[in-house]
Amino acid sequence: MVLNRFLSLISLLISKVLFLLCIEGKNNIPTGGAVIIASNHASFLDPILLGAASRRVLAFVAKEELFCLGLFSKLISSVGAFPIKREALSKSTIRQALRLLREGRALVVFPEGSRSKNGEIGKGESGAVWLAKTTGALIVPSRISGTDKAWGVNSTTVRPYPVKVVFGKPLEFSDLEGEDLGSMSDSLMERIKRL
């Protein structure tokens, strides 16, 4: 926890200088209880900037390959990341996400599943909505803009570019429109787009 807070502070300071980071709606993140931060995803910078912008310590799902990189693996594990297989959601990942939320933690989920190739917000999978239904966690929709220009999918280097992180009002599962998890996930993605 202490390391996470320290790294978040360092990330915040660097982000303010390098990306002129603008944060809106920080107070929409509840100070306690289970919360799912559901955000769009366009860059490797997104988890770092969400952690820097949040007033809570966040847990993250990261692709399995990142946990094979020695020291980097230890670093991301120490700040709350845990692995996910890109081609299939494993039972251990689901159990870990459920455990964290039942402990009253804050978990970041990128409903799109992978980074946007063109910076546009794509279709979301139903994982975040299912987790909210199963655990009673609140969902805080979040939109990050500018990271696709700072370090997009096809970029090899990070470059200074203004970045904005917006946190929307927290939602209960019942606040989402739709007849099933798929349509409720579409409703969530629409809310993210409107931020």
Side-chain angles (χ1 to χ4, degrees), residues 4 8 11-12 15-16 19-62 80-81 97-98 100-116 118-150 152 161-195:
N4 192 306
S8 291
S11 298
L12 180 60
S15 300
K16 289 279 190 182
F19 305 118
L20 303 176
L21 178 63
C22 174
I23 305 165
E24 289 183 10
K26 193 177 207 173
N27 290 335
N28 286 328
I29 302 172
T31 56
V35 175
I36 298 163
I37 308 288
S39 178
N40 65 307
H41 192 22
S43 170
F44 283 130
L45 293 171
D46 296 338
I48 297 165
L49 294 173
L50 282 172
S54 173
R55 63 184 188 165
R56 297 258 316 253
V57 172
L58 304 179
F60 296 92
V61 180
L98 290 172
L100 288 166
L101 291 170
R102 286 173 178 151
E103 288 174 358
R105 303 270 304 276
L107 175 68
V108 172
V109 176
F110 296 112
E112 294 163 285
S114 61
R115 292 170 298 149
S116 168
N118 60 8
E120 297 294 319
I121 298 176
K123 184 168 177 58
E125 301 296 330
S126 59
V129 175
W130 180 84
L131 284 169
K133 178 183 179 184
T134 305
T135 64
L138 293 173
I139 301 176
V140 173
S142 175
R143 181 170 183 166
I144 306 173
S145 54
T147 54
D148 60 311
K149 305 288 192 303
Y161 193 89
V163 170
K164 185 176 184 181
V165 177
V166 181
F167 297 104
K169 298 279 187 192
L171 307 168
E172 294 185 3
F173 173 77
S174 59
D175 293 329
L176 296 169
E177 300 86 12
E179 301 297 320
D180 55 27
L181 293 180
S183 57
M184 293 174 90
S185 181
D186 291 342
S187 168
L188 173 59
M189 296 310 293
E190 281 303 314
R191 287 172 183 258
I192 292 171
K193 287 177 185 175
R194 291 199 300 262
L195 290 174

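Here the structure is a predicted model, which means the values were calculated and not measured.
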Just so I know, are the side chains of T135 and F173 near enough to count as touching, which here means a heavy-atom distance under 4.5 Å? no
I need the minimum non-hydrogen distance between I192 and P141, along with the two atoms involved. CG1-CB, 3.8 Å
Any ion pair linking R191 and E177 (charged N to carboxylate O, less than 4.0 Å)? yes
How many angstroms lie between atom CD1 of I36 and atom CG of L171, to the nearest 0.5 angstrom? 10.5 Å
Pairwise side-chain contact, N27 with R55, heavy-atom cut-off 4.5 Å (strictly under): yes
Taking side chain as C-beta onward, heavy atoms only, is K133 less than 4.5 Å from V129? no
What one should report as the nearest heavy-atom pair of G182 and S126 is N-CB, 4.5 Å
Taking all non-hydrogen atoms of both residues into account, name the closest pair between I29 and R56 and its distance. CG2-CG, 3.6 Å
Could you tell me if the side chain of F167 sits less than 4.5 Å from the side chain of L50, heavy atoms only? yes
R115 (side chain) donor-acceptor with G152 (main chain) under 3.5 angstrom: no
Verify whether one side chain among S183 and D180 offers a donor that lies under 3.5 Å from an acceptor in the other. yes
Side chains of I144 and L45: does their closest heavy-atom pair fall under 4.5 Å? no
A42 versus G119, closest heavy-atom pair with distance: CB-CA, 4.5 Å
Do you know the tightest heavy-atom contact between A38 and I139? CB-CG2, 3.9 Å
Answer yes or no: does atom OH of Y161 have more than 12 heavy-atom neighbours from other residues, nucleotides or ligands under 6.0 Å? no
Just grab all the side chain to side chain donor-acceptor pair (under 3.5 Å) pairs involving residues 40-54, residues at least two apart or on different chains. H41-D46, D46-T147
Distance (rounded to the nearest 0.5 Å) between L176 CG and M184 CE: 5.0 Å
Answer yes or no: are there more than 12 heavy-atom neighbours, outside E103 itself, under 6.0 Å from its atom CD? yes
Nearest-0.5 Å distance that lies between atom CG in L195 and atom NZ in K164: 9.5 Å
Side chains of T134 and L101, heavy atoms from C-beta outward: is any pair under 4.5 Å? no
side-chain contact (heavy atoms from CB on, under 4.5 Å) partner of L107, chosen from L58, I37, V35, L131: L131
How many angstroms lie between CE in M189 and CD in E112, if you round to the nearest 0.5 Å? 4.5 Å
Can you establish whether the number of heavy atoms outside K169 located under 6.0 Å from its atom NZ is more than 12? no
Not counting sequence neighbours, which residues clear salt bridge (Lys or Arg N to Asp or Glu O under 4.0 Å) with E172? List them please. none
Can you tell if the side chain of S116 reaches within under 4.5 Å of the side chain of I121, non-hydrogen atoms only? no
At what distance, to the nearest 0.5 angstrom, does CG of L49 lie from CZ of F44? 14.0 Å
Do you know which two heavy atoms are closest between F19 and A150, and how far apart they sit? CE2-CB, 3.6 Å
